[in-house]
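Take a look at the structure set out below.
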Amino acid sequence: MLDVKNIRQNFSLIKKGLENRNADINLEELILSDDKRKEILFELEELRYKRNSVSDKIAELKRAKADANSLILEMREVSARIKTLEKDLSDTEAEINKRLIVIPNIPHSSAPVGKNEADNKLVKKEGTPKNFDFEPKAHWDIGEALNILDFERAAKITGARFPLYYGAGARLERALINFMLDIHTIEHGYKETLPPFIVNRNSMTATGQLPKFEEDLFKIKGTDYFLIPTAEVPVTNIYNNEILAEANLPILHTAYTPCFRSEAGAYGKDTRGLIRQHQFNKVELVKFVKPEDSYAELETLLKNAEEILKRLKIPYRVVTLCTGDLGFSAAKTYDIEVWMPAQGVYREISSCSNFEDFQARRANIRFKREGKKKTEFIHTLNGSGLAVGRTFAAILENFQQADGSVTIPEALVPYMNGIKKIGCLTS
RNA sequence: GGAGAGAUGGCCGAGAGGCUGAAGGCGCUGCUCUCGAAAAGCGGUAUUCCGUAUAAACCGGGAUCGUGGGUUCAAAUCCCACUCUCUCCGCCA
């Protein structure tokens, strides 16, 4: 959420920022509503002051057993006026909030200006794609041949876009989760967190999934609860409505959760394999930091996520999202894209974002500096570290052998109970 | 699912229409005392908004006692609804 004061003070800058991300927002009307709010508030507070002081006087008179009837009659009218003004005020505030809550975050100055995905800026490439002396197969073909993935039966159980793993495949998925969590907790200092997988509307609104993107979510019928699309939602909301101590910052959490996305509007896109599922596993990294640190923290967040791919020895590249491709809540985002040999493309496997104070405002997460009275909004960041299903797919494709088997990346072998290779016999 | 109890500041806990943003205690913190510490004494110790196109401090004012509504000149206090917590019974991984 943007600050109305900030919108007033930096009007043209914010207008420009919203244009850059292709958002059509009427800021002028928002300001008009805010003018109206101020006007109402001004009169209302004056009347409340009057009511409070006269009520004291009435109390005094009554204590002295004197007559207070004329004052009471006068206050009756004042109170009626207060009531109307209060209604006006809450209506106006609701109107302002309704406008404010659908305005996306303003891109950071370092986010390249651009229309869409094509304008994203390459930051770097790591690792060299392997040259296969055979035609590399797609991970769904490899997985089904090894009998470690079964999309057909998953569709029978639930429907399209649900995963079903067996044997060494199920083990590999679990190994990846443990591997990622171990690195982030032991080496990178994040606190392991296992949050609820179902959250309420307030949490979804705080992180920015609601109110605009409800059709992307799975909602639990008969309740106002939703399946989480990412651990970002429950984990960011851990500190909802709290004032944190400066000494405790930064606060780092990592969480494994399944993620549920309706993928509305993605019909016909990535219909095969693990890339786009309604349910997938992800290890998430979430940071709560001081404003002045947040861009340095974004760089380390990115490094922490990259580290997983480096250890697994899978080639990837990093891009900075352009203004037009930024998510609703983000001010700046790096995507990590992993090399998928069968399609010969890089596919997103992690998205690392700085939300600045955008989510903190919505979630009302603040902190207080040592010795200062004033509270400030913290900055939140998060990134996948990594999407497990897509990592699984990348391993299958990058480590496939001519005979259809898949070797396990060395770093993962201890997590696989010593299994070094998934072949037809081991599955 | 059935029956009951409750929600007040960082914590404990009083308050039961007006003098209560809220007694008292604990905690934290500043000062006095001390070579230093302890003890004792004195003080401070929630958040937020407005004061109308600028920031900090102060000052003046508004709001906040789980949330929302109602009664009243006046609500932490009375009424209604909701949410959450706890206890007992039943069921259950």
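Computed over heavy atoms, backbone and side chain alike; hydrogens, waters and symmetry mates excluded. Residue numbers begin at 1 in each chain, while the letters A, B, ... track the order of the sequences.
The partner of U34(B), taking Watson-Crick or G-U wobble pairs whose two distances both stay under 3.5 Å, does not exist in any strand shown. Across the strands present, G68(B) finds its partner in C80(B); the criterion is a Watson-Crick or G-U wobble pair with both atom distances under 3.5 angstrom. Searching all strands for a Watson-Crick or G-U wobble partner of G90(B) with both distances below 3.5 Å returns nothing. Base pairing analysis places C28(B) opposite G44(B); the two distances defining the Watson-Crick or G-U wobble pair are each below 3.5 Å.
Here the two rings, on F288(A) and Y239(A), have centers that are under 6.0 Å apart. Checked against the 6.0 Å centroid criterion, the rings of F358(A) and F328(A) qualify as a close aromatic pair. Taking the six-membered ring for Trp and the full ring otherwise, the centers of H379(A) and Y295(A) sit at least 6.0 Å from each other. Separation of the H253(A) and Y190(A) ring centroids does not fall under the 6.0 Å cut-off. Between F392(A) and Y165(A), the distance separating the two ring centers is shorter than 6.0 angstrom.
Checking the phosphate oxygens (OP1, OP2) of A63(B), a side-chain nitrogen or oxygen of N52(A) falls inside 4.0 Å. The side chain of K38(A) contributes no N or O atom lying less than 4.0 Å from OP1 or OP2 of G62(B).
In this structure, D35(A) reaches neither bases nor backbone, as no heavy-atom distance under 4.0 Å exists between it and the strands shown. Contacts of K374(A) with the nucleic acid, taken as non-hydrogen atoms under 4.0 Å apart, involve only primed sugar atoms and P, OP1 or OP2. When heavy atoms are screened at a 4.0 angstrom cut-off, L44(A) is found touching no nucleic acid atom at all. Across all strands, K87(A) comes closer than 4.0 Å to no nucleic acid atom at all (heavy-atom distances). Within the 4.0 angstrom heavy-atom criterion, no nucleotide atom of any strand lies near K50(A). Within the nucleic acid shown, Y49(A) comes within 4.0 Å of sugar-phosphate atoms alone, with no base atom in reach, counting heavy atoms only.
In the set A55(B), C73(B), G61(B), the nucleotide with an atom closest to the side chain of Q9(A) is A55(B). In the set C50(B), G62(B), C73(B), the nucleotide with an atom closest to the side chain of R76(A) is C73(B). Ranking C84(B), G61(B), C73(B) by closeness to the E45(A) side chain, first place goes to G61(B). Comparing C73(B), C84(B), A63(B) by their nearest atom to the side chain of K62(A) picks out C73(B). In this structure, the nucleotide among G62(B), U48(B), C49(B) sitting nearest to the side chain of L41(A) is C49(B). The side chain of R48(A) lies closest to G62(B) when the candidates are U52(B), G62(B), C73(B).
Comparing the same atom, C1', in G69(B) and in G10(B) gives a spacing of 31 Å after rounding to whole Å.
The CD-C1' distance, from E86(A) to A74(B), rounds to 13 Å in whole Å. Rounding to whole angstrom units, CZ of residue R63(A) and P of G17(B) are separated by 15 Å.
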